[in-house]
Amino acid sequence: MTRLFRAFGAPLASVILLLSGVWILGLIAAPQLIMIEQSLWRMERPEGSAEISVQIDGLYNRLDVIGLDRSVAESETDSAKRETELAALAAEEAAIKAEIAVLEEKESTPVKVYTLDNFGQMGSAHLAIFAKTIVASLAVSAIALVVCYPIAYAVAKLETPRTAAAIMLALVIPYAINELLRIFAWQMILNNNGPANALLGLLGFDPVPFLDSGAGVFVAMVYAYILFMVFPLYNVLETLDSNQVEAARDLGASTWQIHRRVVIPHARPGIAVGCIMTFMLSAGSYAVPYIMTRGTAAPWFTQLIYNRFFEATNWNVGAAYALSLLAVCTVFIFLMMRLLKVSLKDIAK
Amino acid sequence: MEIQMTGQTTGKAIELEQAAVHFGSFQAVHPTNLRIEPGEFFSILGPSGCGKTTLLRLLSGFLDPTGGDVRIGGKSMVGIDPSVRPTALIFQNLALFPLMTIWENVAFGLEMRGWTKAKRRARAEELLATVALSDHAGKMPAQLSGGQKQRVAIARALAVEPSVLLLDEPLSALDLKLRQHMRAELKQIQARTGITFVYITHDQGEALTMSNRVAVMNRGRIMQTGTPDDVYDRPDSAFVATFVGEMNAVDGKVVTALDRVALVETPLGRFRAANPKGLGPGDEAILFVRPEKMRLLNAKEDEDNSIAARVTRRDMEGAWSTVVAHAEGRELRLHLPHSGRDTPPSGEVTLGFSADAGVILPKGEMSDD
C-alpha cells in the first residue's frame, strides 16, 4: 500500500484503490452474493397456520351462534331488555370480526424463510439435463482442443510470420460477425432443407435431423467457441523455443514423442486456459441451444435456469440452479489446473 | 574429466561434395567441397551471416542440400532425418528442456531409444559424474549456472553416443574465464572420446586454440581451410588475412615479382614481401603485415622494409603493448612485448619488417572486424 502511494503519488494511488474496490465489490462480489442470497430463501406460510385456521373456523361458528342469539333477542318484547341484548351481541360480533381479520392476515401473509431446500428441488429429469449439459460441454472443449492444437502449433511454429498473420486473420474474421448472425447461419445450414442435408442428399443419404437430434447445438458450439481455444494455445506455443523442438528431434525423438515430451508440457497453461474458457462458455451458453433447437431437442441447462426465473417465476430455485452450474464450472477449473499441474500464476501469464 | 563410452564410438569422416544451399535466389552456401577427418576437431570460423550455421544444419539434417551430397562415414545423409543421423547437436542457447530435471535432460535421447527408466537413470548419473554434476541430477535447468548448463548440454549430447558432435557457438554466452575453461574441457572430451567435433564460431580465439583444422567462411564460401597456424601465418586471401587476427594493410601495385617474393609500390614506399598467390607486375595488391611482426628500428639497424612514422598512441594490453603510429595519414599498429623496463616509444620512429613477415595478396574483400 505504501509502495503504491510512493510509486504513483497520493491522488493517482487513491483512484487506483477506489477503482480496484469498485471492481472487486461491483464486478466480483455483488453479483455472486445477490445470487447466493436469492438461492437461500423461500416464502412460506407462517408457522402454526393450521391451528390458526381452526381458531378462525371456531370464530366463524361463534358468529353464526351470535346470529341465532340475535334473532332470539329480536323477538324479545321488553324493548329496553331487547336493546341491551342486541347492543351486547353487536359488540361481541365486532370483536370477533376484528379478531378474525387479524388471524386471517396472520394466516395468509407468507414468511421469508432461509433454507437450503432450493438446492434440493432438482428432479431427476432436470438432473439428467444438467449432466448432459456438463458432458456435452466437456466434449465441446475436447473437440476444440483436438482441432485447435495442430492449427495453433502450425501457425506458431511452422509458418512464416506473414502466413501466420494471414491465418490468424482468417480465424478472427468469423468472430467479427455478430454472434446471432453466425448461429442463425448455422441453423440454416443444418436445417432439414439446408445445404448440409442437400449435400448429403446428393451423396445419396437420407436427411439427417441435425437440429432435432441436438447435434446442431454441438456443431454450432464448437464453431462459436473454437477461437477461445486457438488463442491461448497460440500464445503459449509461440513462446516455445524452436531449438527445443530441434534438440528433441536431434536426440532421436519422433514427432509424437516431441509433442508428448516437449511441446505439450510447455503448452499446459494454454491448454488449461483454452479448455476452461470453452467449457465455461459452452456450459453457460443460452443463445446457441435456444436458436439451434427452438424446443425441438432436449434443452440445455441454461434454458432450464431461464425457465425457473421467467416461466415458473421461482427466482429462488432459479438462483439455486444457476449457482449449481457455477459450482460445477468452478470445480472444473480447479480440476483442469490440478490435472495439467498449472497454478493460477501460470494462467495469469 | 573422463568420459567413458559404453559402446565402441569412434568419430566418422564428413564429406561435402559440391554441397550447396540456396533459399530462393539467395545462395546461402555455394557449392562446397570439404573433408573432415574422423576424430578431428574441426572449426568453421566466419562472421555472422557467412553461412556457417547453414552448413551446420546441413550436417545435423535440419536442412538438405539443394545440390551436391553430404556424407558421414561414407554414407550419404541426404534425406536422412536428424533423429537417425549419427550426429548430436549442441545449440547456441543449449536448448535444455526447462521442464525436465537434469538427469531427464541427459537421458532424453535414451528415453527416445526406449531404455527403461532404471537404465536411463543409471546412465545419466554416470554421464553427470563425468561432467562433475552428480549432485545436481534432480535439479531443474533453471537452478544451474551457465557453466553447469553447458556441461549438461554436453552430457545430453554424448548420451546418444554420436560419431559426430556439432557445436553451434555453445560458449558464446559464457563469461571470459569460464569460456577459456570450457575450451580446455571440450578439447579434452574430444581427445578422450575420439568423436569428430565440428565447431561453429565467429570467435577466432576459440577456433585457433581448440581446432586441429579451421575453415574460414565468408559469404557462403569456404575461403581457406588449414591448421590454425596455416590460416594465421599463411592467409591466402585478403578476407582471411584480416578476419583472423590483427593485420596492417596497405594497398598498392606489384612492381616486380620473383618466385616467392614480390616488390610492391604503395603510398608508404616500396616493400618486399611474400607473394604466395604468384601476382605479376602491374597487379593490384594489398600488403599485409601482422602487428607483432613489425619492429622498431634503431638508427644503425637495417631491415628488408622500413617505414618512417610518428607514434600517436600507445595502448597497454598487459603482456604486450600496441603502439599506434601514423605514416602518410595511414594507421599502422605494432605489438611490443611488455618487459616493463623499456621506455615507451614516442615521436618520430622507423618501423621495419622482414620480407617474409609481410604477405602480398590480391585485392579483395576485407573483414570489417
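Below, chains carry the letters A, B, ... as their sequence lines are ordered, and counting in each starts from 1.
Counting non-hydrogen atoms of neighbouring residues, nucleotides and ligands closer than 6.0 angstrom, the CZ atom of A/Phe334 reaches no more than 12 such neighbours.
At a heavy-atom separation below 4.5 angstrom, chain B is approached by no residue within residues 20-31 of chain A. Taking 4.5 Å as the heavy-atom cut-off, the residues of residues 58-71 of chain B that approach chain A are B/Ser60, B/Phe62, ordered by number. Scanning residues 240-253 of chain A against chain B with a 4.5 Å non-hydrogen threshold yields A/Asp241, A/Asn243, A/Gln244, A/Glu246, A/Ala247, A/Ala248, A/Arg249, A/Asp250, A/Leu251, A/Gly252, A/Ala253, sorted by number. For residues 86-112 of chain B, a heavy-atom distance under 4.5 Å to chain A picks out B/Thr87, B/Ala88, B/Leu89, B/Phe91, B/Asn93, B/Ala95, B/Leu96, B/Phe97, B/Pro98, B/Leu99, B/Met100, B/Glu104, B/Phe108, B/Gly109, B/Glu111, B/Met112, given by residue number.
Both the backbone and the side chain of B/Arg156 come within contact range of chain A, with heavy atoms under 4.5 Å apart.
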